[in-house]
Amino acid sequence: MAFISSGYNPDKPMENRITDIGPQKYDKFYPPVIAKNKGKWLYHEIIKPGVLVHVAESGDECYTVRVGGARLMTVTHIREICEIADKHCDGHLRFTTRNNIEFMVDSKDKVEPLIQDLESRKFEGGSYKFPVGGTGAGVTNIIHTQGWIHCHTPATDASGPVKATMDVLFDDFKDHRLPAQLRVSLACCLNMCGAVHCSDIAILGYHRKPPLLDHEYLDKMCEIPLAIAACPTAAIKPAKVKFGEAELKSVAVNNDRCMFCGNCYTMCPSMPLADQEGDGIVIMVGGKVSNRISTPKFSKVVVAFIPNEPPRWESTTACIKKIVEAYSAGANKYERVGDWAERIGWERFFDKTELEFTHHLIDDFRDPAYYTWRQSTQFKF
Amino acid sequence: MAKHATPLLDQLESGPWPSFVSDLKQEAASRAKNEKNVEFQVPQDCVEDLLGVLELSYKHGVTHWKHGGIVGVFGYGGGVIGRYCDQPETFPGVAHFHTMRINQPGAKYYTTEFLKKLCDLWEFRGSGVTNMHGSTGDIIFIGTSTPQLEEIFYELTHNFNQDLGGSGSNLRTPSDCIGSSRCEYSCYDTQAICYALTQEYQDELHRPAFPYKFKFKFDGCPNCCVASIARADISFVGTWKDDIKIDQEAVAGYVGGEFAPNGGAHSGRDWGKFDIDKEVCDLCPTKCMKYEGGKLLINNKECTRCMHCINVMPRALHIGDDRGCSMLVGAKAPILDGAQMGSLLVPFIKVEEPYDEIKEVIEAIWDWWMEEGKNRERLGELIKRQGFQKLLEMTNIKPVPQHVQEPRHNPYIFWKEDEVGGWDRDINEFREKHQR
């Protein structure tokens, strides 16, 4: 493995240096039918799950076949995507915000051969490489974060629970039977790189034990004032600790005040939180980002804790399936999960989903908490 | 024979959904075989070790990646995230396994030519493992060593005309929805402004000078497909001011069952015959529409542009022509002070090159936040701490009822001295009229 230079000269880093050029310009990558009709689209239709047609003023049509994908993908897989796009789509494709892949063709007769090609490809282990779906009143791909594959603060894995959940929800990825679209998201810790806090169903990794304190190294590894300032509940204070003969500068944590957010660990590597027994999953429901009918909503915590169960997270996926089925049976057409829960009342939501209501689900964090309690005699038995 | 046994991960190969484990295995096999004789610049078996360390996490129920580490490319403070394994002896191939964020093209359109070139580079100088894409929008290259960072950056800038994305306390890589490129709902060209502002603010993107991260996201309409309203410090949500355009013939087509409602989104269940009163007029949040005498009537003045009717009847109803966007500010995920949705700051603004009016708002916000924001305080938290009124003052925007859901619940108004004719009064003058 000999080192091969790109041309970069480490002794003269500024020589021939190019910086601040930004991304490639978007329109270089438009398929011709997109470039020609941009801004002049008349309407669209979902011909069947996973297949859209957009019709332009010019009469041109753009057929899109949407397929799911693990957002974690290798160059071997991407090259296969490219091979398909070369074969069917003149070398163009796009990805959606929710990690789906979209293959676009400019006439209807190209659609079926493309679908057949996509659906025929499977990994050696048996899973589909390119399942068609993810449109309309169904489940689309789960957006998610890194998890155990590459992150230092996760309280659960990301790719694994997502795979397990999508296996369970697969039929709804390929169907339009739900009352409205259902967005599932996963974030592997409270930092929420995946911003799951406005999803119909959110799978959130969560720590439950206060940080460990690596006193021997803490002052050497960390800026103590930054670690203290990082705590949203002021649970950390400076402390001197005996270590053998020496007295070391460190911190003390008021464990009762800790809400396990991991901010201290972000600032100070000598305060790790991760713990096999402590870490697990919180399920939140009823959020959305769309302004359609009702205004955007936050997701609400409906299950305070489910242990991590690698590799298939059975309790988590069973809980999600139960929520989806109750929603599917109870909601009106066009009603998102949160709209349904608000219409029938949250007390009824817990009946219908057979989820247990526990004290953990009553907000006790600062001002917004009060506005979530019931200031009314209107409630259901 | 795999380098590490992965009995737990192997269980994620079955089931219909694409298996990332199968994919990683095929990459590991491809590197082992190396049919193209690539002179790998990071360990050939790094994907084997990645599977191995992930298996160990499945066994232990916790991560095996260490905390951070400061690595990057010269002159930039973002775009690279240092990552080290905490079991380097067992998994030497991933002992140093840094992430690089590559600024994605608008709406994530690609040519295969460009993607294949990226694959070749990343196979040669990295692990060959990516995220397409990260949550913020970047292409994520997962896993390379420190000496490769400058090499990859050099190749990207010289041979790909392509820059890194953001990380750390800077402007994060802006992202956009598909916009008018393929969506009839889009009220402005999301790609054009996303690209223009990304280029305009390259310095803010690459050289962290902010109190914390800052995100722009561009949604073409109130359906908010990139979730800007939930996760961008400034969200640009397309909207319009004039009337929804109605094609009454197409309305009749929906009523008569000729067209499927919602573009066919509900085809998986028999919901009965389309009922325009029940499914459109009654669900309108402002009840500003009615269907009378075979015609759909909209009282546009009362419409709040929620998109429902347009979503249900895309052939019949179209967004108005006086288009622009609403700017909402301060959205963020829960850390530190709880989740915040974006709050409406600019109800309507035109989205036209060179975007000067929009830049004025952005820069006024940045001036305030950089002056007053505490370390790791998002814009939304500063707005909560100093007040929405302060935000209006700093951006020189006139208060309007659109800014609030409802007026305040308390009269604890912080009157300013100049609003009440001064605070200096003479106690002796007071006592002339009021005995002690």
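First the proteins, then the strands, lettered A, B, ... as listed; each starts at 1.
Only the side chain of A:Asp175 has a heavy atom closer than 4.5 Å to any heavy atom of chain B. Proximity to chain A (any heavy atom under 4.5 Å) is shown, for B:His133, by both the backbone and the side chain. Contact annotation for B:Asp120: both backbone and side-chain heavy atoms come within less than 4.5 Å of a heavy atom of chain A. Both the backbone and the side chain of A:Pro179 come within less than 4.5 Å of a heavy atom of chain B. When heavy atoms are compared at a cutoff of 4.5 Å, B:Tyr84 does not approach chain A at all. Using a 4.5 Å cut-off between heavy atoms, B:Gln199 contacts chain A through its side chain alone, with no backbone atom that close. Only the side chain of B:Thr198 comes within less than 4.5 Å of a heavy atom of chain A; its backbone N, CA, C and O stay farther away. The part of B:Ile229 that comes within reach of chain A is its side chain, from C-beta onward, which places non-hydrogen atoms under 4.5 angstrom from that chain. Heavy-atom distances place both the backbone and the side chain of A:Ser5 under 4.5 Å from chain B. The part of B:Ile140 that comes within reach of chain A is its side chain, from C-beta onward, which places non-hydrogen atoms under 4.5 angstrom from that chain. Using a 4.5 Å cut-off between heavy atoms, A:Pro232 contacts chain B through its side chain alone, with no backbone atom that close. Using a 4.5 Å cut-off between heavy atoms, A:Arg366 contacts chain B through its side chain alone, with no backbone atom that close. Proximity to chain A (any heavy atom under 4.5 Å) is shown, for B:Val21, by neither the backbone nor the side chain. Using a 4.5 Å cut-off between heavy atoms, B:Ala192 contacts chain A through both its backbone and its side chain. At a 4.5 Å heavy-atom cutoff, the contact between B:Lys332 and chain A is made by backbone atoms alone. For B:Lys59, the part lying near chain A is the backbone, with the side chain staying farther off; criterion is any non-hydrogen pair under 4.5 Å. For B:Arg182, the parts lying near chain A are the backbone and the side chain together; criterion is any non-hydrogen pair under 4.5 Å. There is no contact between B:Thr136 and chain A, counting heavy-atom distances below 4.5 Å. Only the side chain of A:Phe365 comes within contact range of chain B, judged by heavy atoms closer than 4.5 Å.
Using a cut-off of 4.0 Å between Lys/Arg side-chain N and Asp/Glu carboxylate O, B:Asp10 and B:Lys25 are scored as salt-bridged.
Note: A:His150 leads A:His77, A:His150, A:Arg177 in heavy-atom pairs under 4.5 Å with chain B.
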Check the pair A:Met73 / A:Ile81 against side chain to side chain contact (heavy atoms under 4.5 Å, CB included), numbers first and verdict last. CA-CA 11 Å; A:Met73 54 178 73; A:Ile81 294 168; 3.9 Å; yes
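Under the 6.0 Å cut-off for aromatic ring centres, B:Tyr110 and A:Phe95 qualify, their centroids lying closer than that. The aromatic ring centres of B:His318 and A:Tyr43 sit 6.0 Å or more apart.
Figure legend: cation-pi geometry between A:Arg17 and B:Phe74 absent, as NZ or CZ is not positioned both under 6.0 Å from the six-membered ring centre and within 45° of its axis.
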